[in-house]
Every structure is written in C-alpha cells, then in structure tokens.
Amino acid sequence: MEDLIFRQKGKDGFYKIWHKPEKNIFIFIHSGEGSFVLRDNSYPMASGVLCFIGEGKNHYTFPDKPEKYQRSKLLMESRALEMIVKGMGLEASASNMFARDAFTMAILSPKDAEKAEEIFEEMSRIGDGDKLSSAKRCSAAARLMLLIAENATDETKSDPDPLQRAIDYVNRHIPDELSIEAIASACYISKYYLCRLFKSRMGLTIMDYVLQTRIVMAKELLSEGKASVTHTCISCGFTNPSYFSRVFKKITGVSPIKYKKQMEKVDQSI
C-alpha cells in the first residue's frame, strides 16, 4: 500500500523527464534547491519544502545541483489516501489539496520542518514485520497532510511572471505552429531573455519543452483510444507524421502505434 524513500540523494530516475506517478507522493526536501516543474507552472524547490503530488500529475524535478539534492518520499495508493482524508474529516477546500490531480506545496517554518523530518525518520524505523506498519504510516501521512494544510502557499494566485506567461501561451497553442519569436512576442520579452529564463528555471530549452508537452498530450490522446495516430499527430502540432513518430519514440521508447496498442491491451485487462 505504501512505499517509503528516506533521505535519497542525487538525481532520481525522472530527472528532467515528464512522468505521471503511479501513486500519490508526499515529498520533503532536506537540502538542495531547484524547481518542481508541472505542465502549467514551476514552483521553487528548497530545504524545508513539503509537497503533495497527486497520482497522475504530470511533473518532473529539476534540482540546481543534483549532488546536494536530498529528499524523503512517502508513496501512497489513492484508496488509502481517501480513507485518511475521510477519517480526518477535512473540509472540501482542504481535501481538494490532496485530490488525484493536485499539486500542493507548503513552505515550512524551521519548527515544522523539524516535525516533518521526525515523521519521515519515524516511518523509516517501521519494520516490514511490524503488524501495525500500514496503520503507523497512515497515521504519519495524516500528520504530513496537516502540516501541508496549515502551511500551503498561495503562489498560484500571484500575477504570472514571464515564464508563467510563456508556459500558458505554449499550453494554449500546442496545436499551432510555435516559434521562439512568437512565444517571446506574446510575453512582451526578447527571445534571448526567454531562452535564458527557460533554461535556468526549467532545465531545458523552450523548444524542448514544447516537444515534451506535445508528446505528453499525444500520450493522453492515444491512451483515451478514440484518436487515430494521424489525428493525434495533427492535434498536437506536428505537421509531419514521420517526424512525430521519431520524436514520440525518442521520448517514450516506443512508436505511437505500439503505444496505442499497449494502452488498448491495458483497457481490455481492466
């Protein structure tokens, strides 16, 4: 039901790679700085930050200095999480912080950060043979949720900076022809500043971001099973089916046709 990763250091397997987690994630940053990158925004990653990332929430992490990046994670299935939310009696506004598609970030005070560290350390001492291991981790998850609910930030409500405007523009115009010049013009900044801003805060070039976002959208369309590969290609802004197939395979490891067949088999097995 639950998995614990305690004080992991360095890069993980999804460094600068878009992915959807199979379980809900509670992540606490012990040290290091960088960004959590979502499809619609990026958020600061620093010591003392505690986050909830919902199951299926597309994201990747971008630590400035991977060798100094240390974090602890609790991975929890949605069924167990829903039971905890129900048992805590959270109001709708608070329970929405832990929805399947939620990303909720809390910047903890030194005192609360110490509490979070103690919770993860406590979980790390729970042995596999402990008959109450699941209950103890659920209790720990509830305490982490309280820390997040009490300290959640309102960053998403602030006025968008140039990077946010660029991300919004890209997401709205994925089916269209996109260029650095067009994106920069829409954000009222120079293309040189846009390129530097994207690289420093997102960890990749803006056109790489466009490609990755298009492939994420393509995977979603193919997973739904209604769109053909050709329709998916056009809907995601690719004008050349051969180029679309090459990029898709380079990023995902399989061709669009094979991916669509794999998703169809998964649906049939459910």
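Nearest heavy-atom pair, Ala141 versus Met76, reported as atom, atom and distance to 0.1 Å: CB-CE, 3.7 Å. Taking all atoms of both residues into account, the shortest heavy-atom contact from Ala102 to Asn96 is CB-O, 3.7 Å. Of all heavy-atom pairs spanning Ile84 and Cys138, the tightest one is CD1-O, 3.7 Å. Contact detail for Ala113 and Gly48: the closest heavy-atom pair is CB-CA, 4.3 Å. Counting all heavy atoms, side chain and backbone alike, Ser78 lies closest to Asn24 at OG-ND2, 3.1 Å. Nearest heavy-atom pair, Ala227 versus His231, reported as atom, atom and distance to 0.1 Å: CB-CD2, 3.6 Å.
Phe120 has its side chain within reach of Leu4: a pair of non-hydrogen atoms, C-beta onward, lies under 4.5 Å apart. The closest side-chain heavy-atom distance from Thr230 to Pro241 is not below 4.5 Å. Counting only heavy atoms from C-beta outward, the side chains of Tyr69 and Lys11 never approach each other to under 4.5 Å. Contact of the Ile5 side chain with the Leu75 side chain is registered, since non-hydrogen atoms from C-beta on lie closer than 4.5 Å. Counting only heavy atoms from C-beta outward, the side chains of Phe28 and Leu74 never approach each other to under 4.5 Å. Side-chain contact between Phe198 and Asp208 is absent, with no heavy atoms from C-beta onward closer than 4.5 Å. Between Ser72 and Arg7 the shortest side-chain heavy-atom distance falls below 4.5 Å. Side chains of Leu204 and Tyr60 form a contact here, defined as non-hydrogen atoms less than 4.5 Å apart.
Counting non-hydrogen atoms of other residues, nucleotides and ligands closer than 6.0 Å to CD of Glu67 gives a total above 12. Within 6.0 Å of the NZ atom in Lys73, the count of heavy atoms belonging to other residues, nucleotides or ligands exceeds 12. Summarising the local packing, CD of Gln70 is surrounded by more than 12 heavy atoms from other residues, nucleotides or ligands at distances under 6.0 Å. Shown here is Tyr193, whose OH atom has no more than 12 heavy atoms of other residues, nucleotides or ligands within 6.0 Å.
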Please report the C-alpha distance between Asn58 and Glu220 in whole Å, then the side-chain angles of each, then the deciding distance to 0.1 Å, and finally whether the side chain to side chain contact (heavy atoms under 4.5 Å, CB included) criterion is met. CA-CA 11 Å; Asn58 263 312; Glu220 292 175 352; 3.6 Å; yes
Going through the checks in order, is the side chain to side chain contact (heavy atoms under 4.5 Å, CB included) test met by Arg100 and Glu82? CA-CA 10 Å; Arg100 185 180 181 278; Glu82 289 167 3; over 6 Å; no
Please lay out, stage by stage, how Ile167 and Leu163 fare under the test side chain to side chain contact (heavy atoms under 4.5 Å, CB included). CA-CA 6 Å; Ile167 291 173; Leu163 178 66; 4.1 Å; yes
Evaluate the side chain to side chain contact (heavy atoms under 4.5 Å, CB included) criterion for residues Val210 and Arg214: first the C-alpha distance (whole Å), next the side-chain angles of each, then the deciding distance (0.1 Å), finally the verdict. CA-CA 6 Å; Val210 170; Arg214 282 175 167 159; 3.6 Å; yes
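Put simply, the side chain of Ser35 never gets that close to the backbone of Val37: no donor and acceptor are under 3.5 Å apart. For Ser223 (side chain) and Lys219 (main-chain N/O), a donor-acceptor pair under 3.5 Å exists by modelled atom type. Formation of a donor-acceptor pair under 3.5 Å by the Thr232 side chain with backbone atoms of Leu222 is not found in this model. Counting only distance, with no hydrogens or angles, the side chain of Ser185 and the backbone of Ala182 share no donor-acceptor pair below 3.5 Å. Of the possible donor and acceptor atoms, one in the side chain of Arg165 sits under 3.5 Å from a partner among the backbone N and O of Cys187.
Under the 4.5 Å side-chain heavy-atom criterion for ILVMFWY residues, no single connected hydrophobic cluster contains both Met217 and Ile234.
Using cut-offs of 30° and 60° for the angle between ring planes, the His19 and His59 rings count as tilted. In this structure, His30 and Phe6 have perpendicular ring planes: the angle between them is above 60°, well past the 30° mark.
Thr104 pairs with exactly one of Leu50, Ile148, Asn151 by the side-chain contact (heavy atoms from CB on, under 4.5 Å) rule, that one being Ile148. If you run ring-ring contact (aromatic ring centres under 6.0 Å, His included) between Phe103 and each of Tyr43, Phe98, Phe26, Phe52, only Tyr43 comes through.
A salt bridge does not link Glu122 to Lys115: none of the charged side-chain nitrogens sits closer than 4.0 Å to a carboxylate oxygen.
Distance check: Glu181 CD to Leu194 CG gives 10.0 Å after rounding to the nearest 0.5 Å.
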